[in-house]
Structure formats: structure tokens, C-alpha cells
Amino acid sequence: MKIFSVIGARPQFIKLAPIVRAFNQDEGRSGSGKIIHGIVHTGQHYDYLMNKVFFENLGLPEPDFNLEVGSASHAKQTGVMLELIEQVLENERPDWVLVYGDTNSTLAGALAAVKMGISVGHIEAGLRSFNRRMPEEINRILADRCAEALFCPTENACRILKNEGCPLIVNEGKLIKNIARSGIGGETRRPFAVNVGDVMYDASLMALKAGKRLSGILSSLGLKRGEYYLATIHRAENTDVRSRLEILIESLAELGRKAPVVFPVHPRTKQRLEQFHIKVPFSQGLKLCDPVGYTDMLILEESARCILTDSGGIQKEAFFFGIPCLTLRDETEWIETVASGDNVLTGISKESILTAALGISSKAKKGRIAGPFGDGKAAEKVKDVLVQLAG
Ligand code: UD1
Ligand code: UDP
């Protein structure tokens, strides 16, 4: 069975890692279960610290194809990706294309494949913010519509797909082959959703141990466990609206007057700060830095007093590590983290951000693990489902 993964942006390199590991465990097998896995990198992210460092940290193989699409408007970026992915798929003719998350690379991979009659598997299916102004919301809805196998990270994601009319929700992986084949005349497979758990949880387990051994990030930034805040901002709704970005930067600067705040700056955010001529106010504790690699990031997260972020992945990692999280948005897809009380939606208000952040004690770490995000074997379950369908 030939499977191609289409990836292109930072969080997708992370989601890919446990899949590569699960597929590699198959090496040496023969018959229909043997997996030949190819990687198509669209080139959406390309700076060393947004791209290659993740391949190094996670021991990922070089992509088989790098389309080097780079940055552009949504339509142009997605359009160029579509054209180039189609060429690769035309030559390679995989049985499955796997797409990950909700970026423009996800949409392009799903759309190119489904139009060629190639089965699409969507990893992290069923997520919704119910905010259609987010480009990610459009990408994930459309990727879900293209997909035949909808690999959900949580029960809630499966429930959302059921409500949207997904024909099959499968709870037991072992039943998939029979049920999915029961489409019209048994010839066409109906799309199905299955909760496999979250590959990002798998990835964090893979990398945290090594991070603890290898990372020197705390000492190089002069940080003490439990005594600093970690912040990231990159979502277009926050960076592309001047007034929102200003409020967020002022909030971090104010917080930095009370305690250290580490702020690895995403290139989109850096570009917007320059474009809007926003000066970061002087603040003793606010440390802006370049984006950091994955193992360093996990260590920064795991040792923080509290994380302030608009990132989807980082909200979950905070939850995995039992670190209080303040989500700098008006809504979140990851409602499980809010329901448990570990994640608080602050909205874009200086007062609510500061009140929430300063109310968190240095001993607030809970030491929680995955909970609703599975058992760390999501990627193996993805592989099992695909192998069953081929068998
Ligand atoms: C993209 C995803 C977003 C995801 C994020 C992860 C879409 C629509 N958005 O947002 O869902 O959460 O990745 O980080 O797919 N840039 C660089 N160097 C790079 C990459 C980007 O300088 O290596 C700059 C460019 O100026 C570019 C801007 O960042 O215009 C935005 O990059 P882009 O990939 O379009 O979107 P992200 O904001 O990164
Ligand atoms: N990340 C990282 N270094 C950074 C910022 C984020 O390694 O400087 C990791 C983070 O640990 C998480 C992922 O990148 O695993 C999240 O990506 P991002 O916030 O860019 O996108 P999102 O998850 O919001 O789509």
C-alpha cells in the first residue's frame, strides 16, 4: 500500500513524526499490509526555525518532494500547491493521501487527491471553532468533506462530524473494514470517522524525554522552573488587526514588569509588528526571541508557570503537561481543555489577560496527561485502520 503525506507548516511536521514512526514499524512486512510512505512538503514554511529544525529534532526523513511554494496570498499559495501536488500524485499514484490539521497545505493536498480519485485521510478531523472568518475553519471543513477516512483526535470531534452528517462513526477500529465497505452495492466506501486520539500527544511523548536530556534552553535564557510565563501569538485574527496586536503586546509588556515572559515570535507576527510600526514597550521581564525548536519548546512549556497563546497545538500541550493556559482568543476548537478548567479564554482584553495571568500561582502545575486526547498510540491506530482497509 502506497501512502503519501502532504505537509508544509510547523505543526504538521510535528503531527507527521508519530505517523512516520508507526509506518516504519511495518518495515519488513510483506503483502498488502506493507506500507510505502512518501512525504510531500509544500514549502509553506521554509525558515530553518520554522522547518528544518523540526525534521532534526524529530528525526524525520528528508521529504521525497519539496514543492518550495513559499509565502503568498491564500488563493495564490493554495493554487500553486494544488498544481504541483497534482503533478506529484499523477506520477506517483498513491493509494492514500494523508493530510494534517487545517492549513492551506491541508486543503491543497486533500483537494488535489480527491479530484484524482485518490482516497484522502484527514488527521485531526472534526475540529471546529464555528468562526468562519478563520482561514483554518474553511480549510478544515473542506478537508473533512474531501476525506474518506476522518481520523478524529477526540470524541467531541467525532460528534461534530456526526452532527454534520458524516455517514459512519466507527468506535472500534476492527470493525472498520466491514462497515466501510457496506456502501452502495458494497463497491464504494462511505466516508467514516473514527476517534484514534491525538497524534500531537503521541509526538509530545516521543520528544519530551529527549528534550529533558538535551535542551539547555532554561539556563540559556536564565529561567527558573515555575517562575516565568511563556507566550506565543500568530493567529491572523490577532496579528492582522492592529488594535488587537497592540493590546496583546501591551499586555505581555505589563506582565513582564511583574515576572519574566518568554515570547518566541512567529514570522507573521514579526512582520506585522514591523508593518504596523508597533514598538514593544520597555519591560524588564519581556524577552522576545526567534521561534524555538520543538524540544526546546516542550521544555519551555513544561516548566512555565502559565502559557499565554493563540496556538491550537500549544493549548493542548499545556493540557498534556498540566500547565495552566490562557487562550488569547474569543473561542477555541479544543473545548475539552476549557471544560476541565485548565484553559481559560481571555479574549483580547488587557484587563482580563493580566487578571488571569497574575492570579496563577507558581505551584499551579497539575501534572496532568492526555485525558480526552487518547493513549499516545493515535498514529498506530491510523496505520491499523489503513492496513485493514487494504486487506
Ligand atoms: C499557517 C497556517 C496556520 C497555522 C500556522 C502554524 C494557513 C492559512 N495558516 O499560518 O493555520 O496555525 O501556519 O504556524 O495555512 N513566514 C516566514 N517564514 C516562514 C514561513 C512564513 O517569514 O518560514 C512569514 C511570511 O511573511 C508569510 C507569513 O509568515 O507571509 C505567514 O505565513 P503563512 O504560512 O501564510 O501563514 P502562517 O501565519 O504561518
Ligand atoms: N512550537 C515550537 N516552537 C515555537 C512555537 C511553537 O516548536 O517557537 C510548536 C509547539 O510546541 C506546537 C506547534 O509548534 O507543537 C504549534 O504550532 P503553531 O503554534 O505554529 O500552530 P497551530 O498549532 O496553532 O496550528
Side-chain angles (χ1 to χ4, degrees), residues 9-15 44-58 71 103 200 203-204 207-208 210-212 214-240 244-245 248-256 259-275 278-281 283-321 323-329 346 353 357:
R10 172 165 75 184
Q12 295 169 325
F13 311 138
I14 295 160
K15 292 166 197 178
Q44 179 170 351
H45 286 174
Y46 43 84
D47 290 347
Y48 172 78
L49 289 172
M50 295 297 288
N51 173 29
K52 219 160 187 210
V53 70
F54 295 93
F55 285 76
E56 291 170 3
N57 279 191
L58 290 156
S71 306
T103 73
M200 284 198 83
S204 69
L208 184 62
K212 281 187 172 156
L214 301 173
S215 172
I217 189 85
L218 295 185
S219 56
S220 71
L221 293 176
L223 299 167
K224 295 208 180 90
R225 281 181 78 86
E227 293 191 7
Y228 65 91
Y229 294 85
L230 173 66
T232 77
I233 301 166
H234 79 281
R235 218 124 309 271
E237 75 214 44
N238 284 337
T239 57
D240 294 10
R244 289 173 75 93
L245 186 55
L248 290 170
I249 295 295
E250 281 168 19
S251 305
L252 297 184
E254 186 72 36
L255 191 58
V261 179
V262 185
F263 179 22
V265 184
H266 188 285
R268 170 188 282 279
T269 314
K270 185 172 180 216
Q271 199 193 50
R272 292 293 181 263
L273 287 171
E274 287 163 8
Q275 183 189 331
I278 297 176
K279 288 252 172 316
V280 181
S283 167
Q284 196 86 31
L286 179 58
K287 294 174 201 280
L288 272 67
C289 62
D290 285 335
V292 299
Y294 183 53
T295 42
D296 282 343
M297 190 63 181
L298 293 185
I299 294 300
L300 281 173
E301 289 172 359
E302 202 256 347
S303 312
R305 172 182 299 194
C306 167
I307 297 174
L308 299 94
T309 191
D310 60 7
S311 157
I314 296 171
Q315 287 174 62
K316 286 185 290 177
E317 286 161 359
F319 183 86
F320 302 156
F321 302 149
I323 303 296
C325 184
L326 303 180
T327 292
L328 309 171
R329 288 178 54 192
T346 62
I353 294 168

Worksheet item: Can you tell me how far CG of Leu248 sits from CD1 of Ile353, rounded to the nearest 0.5 angstrom?
Response: 5.0 Å

Practice prompt. Kindly indicate, with the supporting measurements, whether the criterion side chain to side chain contact (heavy atoms under 4.5 Å, CB included) is fulfilled by Leu308 and Leu255.
Written response: CA-CA 11 Å; Leu308 299 94; Leu255 191 58; 3.9 Å; yes

Fill in: Carboxylate-amine/guanidinium proximity below 4.0 Å for Lys270 and Asp290
no

Discussion item. Are Phe321 and Ser303 packed together at the side-chain level, in the sense that at least one heavy-atom pair is separated by less than 4.5 angstrom?
Written reply: no

Worksheet item: Quick one: are Val280 and Phe263 in side-chain contact, heavy atoms under 4.5 Å?
Response: no

Discussion item. If we ignore hydrogens and angles and just use 3.5 Å, is the side chain of Asn238 paired with the main-chain N or O of Ile233 as donor and acceptor?
Written reply: no

Practice prompt. List the atom of Gly293, the atom of Asn57, and the distance in Å for their closest heavy-atom pair.
Written response: C-OD1, 3.6 Å

Practice prompt. Inspect the surroundings of CD in Glu56 and state if more than 12 heavy atoms from other residues, nucleotides or ligands are less than 6.0 Å away.
Written response: yes

Fill in: Separation of Leu230 CG from Arg305 CZ (nearest 0.5 Å)
13.5 Å

Worksheet entry | Residues Thr239 and Thr269: side-chain donor-acceptor under 3.5 angstrom | no

Worksheet item: Which heavy atom of Pro264 sits nearest a heavy atom of Ala231, and at what distance?
Response: CD-O, 3.1 Å

Worksheet item: With side chains defined as the heavy atoms from C-beta onward, is the minimum distance between Leu245 and Ile278 less than 4.5 Å?
Response: yes

Worksheet item: Would you say Thr327's side chain and Asp310's backbone share a donor-acceptor pair under 3.5 angstrom?
Response: no

Worksheet entry | Atom of Cys306, atom of Ile323 and distance for their closest heavy-atom approach | CA-CG2, 4.0 Å

Discussion item. Ignoring hydrogens, what is the shortest heavy-atom contact between Ala9 and His45? Give both atom names and the distance.
Written reply: CA-ND1, 3.4 Å

Worksheet item: So, do Ser311 and His266 sit near enough that their side-chain heavy atoms are less than 4.5 Å apart?
Response: no

Worksheet item: Can you name the nearest heavy-atom pair linking Ala357 to Tyr229, along with the distance?
Response: O-OH, 2.7 Å

Discussion item. Just verifying a value: how many Å separate Glu302 CD and Ile307 CD1, rounded to the nearest 0.5 Å?
Written reply: 10.0 Å

Worksheet entry | Pro260 and Glu227, any side-chain heavy atoms less than 4.5 Å apart | no

Worksheet item: Side-chain donor-acceptor pair under 3.5 Å between Arg272 and Gln275, yes or no?
Response: yes

Practice prompt. Return the orientation label for the Phe54 and Phe13 ring planes: parallel under 30°, perpendicular over 60°, tilted otherwise.
Written response: tilted

Fill in: Separation of Ile217 CD1 from Thr295 OG1 (nearest 0.5 Å)
9.0 Å

Fill in: Lys212 vs Ile299 side-chain heavy atoms within contact, under 4.5 Å
yes

Discussion item. For the NZ atom of Lys316 and the CD atom of Glu301, what is their distance to the nearest 0.5 Å?
Written reply: 11.5 Å

Worksheet, complete the sentence: Result for side-chain contact (heavy atoms from CB on, under 4.5 Å) between Thr232 and one of Ile314, Val292, Val265 points to Ile314

Fill in: Beyond-backbone contact of Glu317 with Leu298, side-chain heavy atoms, under 4.5 angstrom
yes

Fill in: Side-chain donor/acceptor of Tyr294 to backbone N/O of Pro11, under 3.5 Å
no

Fill in: Ser283 side chain vs Ala253 backbone, donor-acceptor pair below 3.5 Å
yes

Worksheet item: Where do Leu300 and Val262 come nearest, in terms of heavy atoms and distance?
Response: CD1-CG1, 4.5 Å

Response to the item:
Distance col, row Gln271:CD vs Asp240:CG, nearest 0.5 angstrom, shows 8.5 Å

Item to complete: Evaluate the side chain to side chain contact (heavy atoms under 4.5 Å, CB included) criterion for residues Arg268 and Arg235: first the C-alpha distance (whole Å), next the side-chain angles of each, then the deciding distance (0.1 Å), finally the verdict.
Response: CA-CA 9 Å; Arg268 170 188 282 279; Arg235 218 124 309 271; over 6 Å; no

Worksheet item: With no hydrogens and no angle check, is any side-chain donor or acceptor of Arg244 less than 3.5 Å from a backbone partner on Glu237?
Response: yes

Discussion item. A side-chain contact here means heavy atoms from C-beta on lying under 4.5 Å apart; do Arg329 and Gln315 qualify?
Written reply: yes

